[in-house]
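In this chain, residues are counted from 1 in sequence order.
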Amino acid sequence: MIGRALLNKILILLFTIVCLAYPAMLPAESEQPVVILVSDQEEVYSGPIASFTAEIGMPVEIYNLKGDLEHASKIMKKIINSRPKLIFALGAKAAVISKIWTSDHQEIPVVFAMVLNWERYGLISPQGNVAGVAFDVAPGTHLGSLSMISPETRQIGVIYSKEHSSRFVKSARESAEILNLELVERAIESPREFQRAFKGMEDKIDSYWILPDPIVYTLE
């Protein structure tokens, strides 16, 4: 996972690139706001919001979906009507909603961040107005780090959902073979199946790897 300081630097760099791609974003006498849209009340968003706001030097308006998609329409109508220079979307809900609502407003660039397993949402398309920062690290990097830190670890447990993480696990499987590691895999369809899946592998593994999978990575 990307460290907060590095994430902030990447966001500012990405913002600069977007400014060059969309000249209308450059400061003018009558400035439209830069909108920050967050998915819910999570405190984890406070760091990126503070750093981004401090660096860009433009008016900023912050909107919070509060995890309730029923109010998204009202919020997004207000945002689109304000003709923002940029929408900075934090979290999956904010990113997906921003893409949908700007599909007919390609002049509004969207930058997303802090979205786990972002590829499954289809956020980026050719000639689209959406760019972002990956929140998860390539599986080979995870496994390589584990091999260096714990050389005695050979069997690694992985619980995942086929719907969300099949491609990620396939890549992890290929990396594990190169590193002479064995993945002990269990696919589940709901969080309720996690405990049984884990108990079925706990005597067969040296360590367990928590994937950025919404079925597995829950508050429980």
Side-chain angles (χ1 to χ4, degrees), residues 1-4 6-7 10-11 14 37-40 42 44-45 48 65 67 69 72 89-100 110-126 128 130-150 153-220:
M1 192 171 292
I2 296 175
R4 178 173 293 183
L6 178 57
L7 174 62
I10 293 174
L11 289 173
L14 185 56
L37 180 65
V38 297
S39 296
D40 49 46
E42 293 292 333
V44 69
Y45 299 135
L65 295 175
L69 298 183
L90 292 170
K93 293 185 182 71
V96 172
I97 288 172
S98 295
K99 178 183 178 180
I100 293 172
V110 175
V111 174
F112 69 84
M114 306 188 77
V115 179
L116 287 173
N117 208 348
W118 66 271
E119 290 177 298
R120 71 189 176 93
Y121 297 107
L123 293 172
I124 297 178
S125 57
V130 182
V133 180
F135 196 50
D136 28 24
V137 178
T141 302
H142 280 292
L143 294 174
S145 299
L146 179 61
S147 292
M148 288 188 293
I149 295 172
S150 180
T153 297
R154 307 317 306 167
Q155 286 78 34
I156 302 170
V158 177
I159 298 176
Y160 68 100
S161 64
K162 291 182 178 179
E163 178 184 359
H164 301 298
S165 298
S166 289
R167 186 162 39 177
F168 189 90
V169 171
K170 179 182 177 182
S171 178
R173 199 178 296 132
E174 294 169 353
S175 298
E177 185 176 351
I178 294 172
L179 295 167
N180 196 28
L181 300 173
E182 178 187 352
L183 293 186
V184 179
E185 305 172 22
R186 296 288 185 276
I188 62 175
E189 295 183 0
S190 75
R192 293 188 300 273
E193 300 175 28
F194 177 87
Q195 189 172 8
R196 179 182 295 178
F198 184 79
K199 286 184 177 180
M201 69 165 59
E202 61 181 341
D203 295 331
K204 304 173 185 176
I205 61 176
D206 301 317
S207 67
Y208 174 69
W209 183 14
I210 301 178
L211 299 186
D213 183 308
I215 301 299
V216 177
Y217 194 85
T218 66
L219 292 177
E220 290 77 23

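The minimum heavy-atom distance linking G132 with I124 is given by the pair N-CD1, 4.4 Å. Here the closest non-hydrogen pair linking A72 and I97 is CB-CD1, 3.6 Å. The shortest non-hydrogen separation linking S175 to L143 is CB-CD1, 4.0 Å. Of all the heavy atoms in S98 and A94, the pair that sits closest is OG-O, 2.7 Å. When all heavy atoms of V216 and I188 are compared, the closest pair comes out as CG2-CD1, 4.1 Å.
Residues passing the side chain to side chain donor-acceptor pair (under 3.5 Å) test with T153 are S150, sequence neighbours excluded.
Side-chain N or O atoms of K99 include none that pairs as donor or acceptor with a backbone N or O of V110 at under 3.5 Å. Distance alone, capped at 3.5 Å, places no donor-acceptor pair between the S171 side chain and the R167 backbone.
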Residues 191-212, side-chain donor-acceptor partners within the protein, below 3.5 Å, at least two apart:
residue : atom : partner : partner atom : Å
E193    : OE1  : E189    : N            : 3.3
D206    : OD2  : R154    : N            : 2.9
D206    : OD2  : Q155    : N            : 2.9

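Across D40, V38, L90, L37, a single residue satisfies side chain to side chain contact (heavy atoms under 4.5 Å, CB included) together with L65, and that is L37.
Put simply, CG on L183 and NZ on K170 are 14.5 Å apart, with the number rounded to the nearest 0.5 Å. Separation of atoms CG (L146) and CG (L181) is listed at 7.0 Å; rounding is to 0.5 Å.
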